[in-house]
Protein chains: 2
Amino acid sequence: MDICDHEREHEEALKRLRATALSEEDLAIMCNLFKLLGDPSRMKIILALTEGELCVYHIVEAVGGNQSAVSHQLRVLKDNRLVKSRRDGKNIVYSFYDEHVSRIIGIALEHVVCEKG
Amino acid sequence: MDICDHEREHEEALKRLRATALSEEDLAIMCNLFKLLGDPSRMKIILALTEGELCVYHIVEAVGGNQSAVSHQLRVLKDNRLVKSRRDGKNIVYSFYDEHVSRIIGIALEHVVCEKG
DNA sequence: TTATAATATGAATACCTATTCATATAATAA
DNA sequence: TTATTATATGAATAGGTATTCATATTATAA
């Protein structure tokens, strides 16, 4: 006997799913991106950088919290290639690694609007 | 003396940032969405549902792992309105709460492609 | 009603990770 | 060189959360 009353449809859905299946690696890449964006402290940093590059001091000013915490998160973002940095005199200036991130943020901001409306 | 050699530009960036600033609540909504999408087990469930509605049994079949774990994650997804469910005889059938989720997933899949290419 | 199938739930555990504190490094100014 | 400023880093801690196991619930079949 069948598991449920939608046996055929579900089996077909599962069949399509297998056809388009992501590899475990791709799944990990995708989830990792979302995980990075899922922390408010990191998101604040990312949002700050949408307005242009910033040195660490100004990032700290923008997001609040202590300098060490911000530095740790910048490291995480950099290791994962969401941001890049360059030294400029005694400062380190951070900016987005590529346009990719800001696109995603743009869409996320739309989501917030929808969620509230 | 100034903090860095880009004092003016950074101050202007921070000014624009304050102008467009998200509330803490909106930030939380946004991050929460990303956090939900950042777990591979949950993402597998979500990806499975992109092919159509499924009962729990078939979700378990699609994503692997044990039934209890899947049920717990379905609960999380439902509490956060990413999915909805309806009873159908002895089965519970899950599907996306709205079109929103599948849009985001579509974009994320693009990201994976870019990341690899 | 009793048995069984499908799903949900509670508690316990184990892992992960964000934050903090203290300190190190690196560049510049004196 | 020494002092100071800007940033990074290591270790420790605490809070969160995914998973598992056992069990409860709900619906149907016998």
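Proteins get letters first, then strands, A, B, ... in listed order; numbering begins at 1 in each.
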Compare side-chain N and O positions of A:S41 against OP1 and OP2 of C:dT19 and report whether any pair is under 4.0 Å apart.
yes

Counting only side-chain N and O atoms of A:N91, is one of them less than 4.0 Å from OP1 or OP2 of D:dA6?
no

Within the 4.0 Å heavy-atom criterion, would you say A:C4 contacts the bases, only the backbone, or no part of the nucleic acid?
nothing

Examine the side chains of B:N32 and B:N80 and answer whether a donor and an acceptor come within less than 3.5 Å of each other.
yes

Does OP1 or OP2 of D:dT26 have a side-chain N or O of B:R87 closer than 4.0 Å?
no

Does any N or O donor sit under 3.5 Å from an N or O acceptor when you compare the side chain of A:Q67 with the base of D:dA6?
no

Decide whether B:E9 and B:H6 meet the rule of one side-chain donor and one side-chain acceptor closer than 3.5 Å.
yes

Short side-chain N/O contact to D:dA8 OP1/OP2 from A:Y94, under 4.0 Å:
yes

Per A:K90 side chain, nearest of listed nucleotides D:dT28, C:dA8, C:dT28:
C:dT28

Toward the 5' end of DNA chain C, by each residue's nearest nucleotide, A:G65 or A:D88
A:G65

Selection from D:dT7, D:dT9, C:dT7 that lies nearest to any side-chain heavy atom of A:R75:
D:dT9

Over 60° means perpendicular and under 30° means parallel, so tell me whether A:F34 and B:F34 are parallel, tilted or perpendicular.
parallel

Nearest whole Å is fine: how far is C:dA18 P from A:N66 CG?
14 Å

Looking at the base of D:dT17, is there any donor atom on it, or on the side chain of B:H72, that sits under 3.5 Å from an acceptor on the other one?
no

Please tell me which of the listed nucleotides, C:dT19, C:dA8, C:dA26, lies nearest to the side chain of A:Q73?
C:dT19

With nearest nucleotides of DNA chain C determined for A:G89 and A:V76 from heavy-atom distances, which residue corresponds to the more 5′ nucleotide?
A:V76

Record whether the side chain of A:S68 comes under 3.5 Å of the base of D:dT9 through a donor-acceptor pair of N or O atoms.
yes

Between B:E53 and B:R86, does at least one N-O distance fall below 4.0 Å, as a salt bridge requires?
yes

For the backbone of A:L37 and the side chain of A:R42, can you confirm whether one donor and one acceptor N or O come within less than 3.5 Å of each other?
no

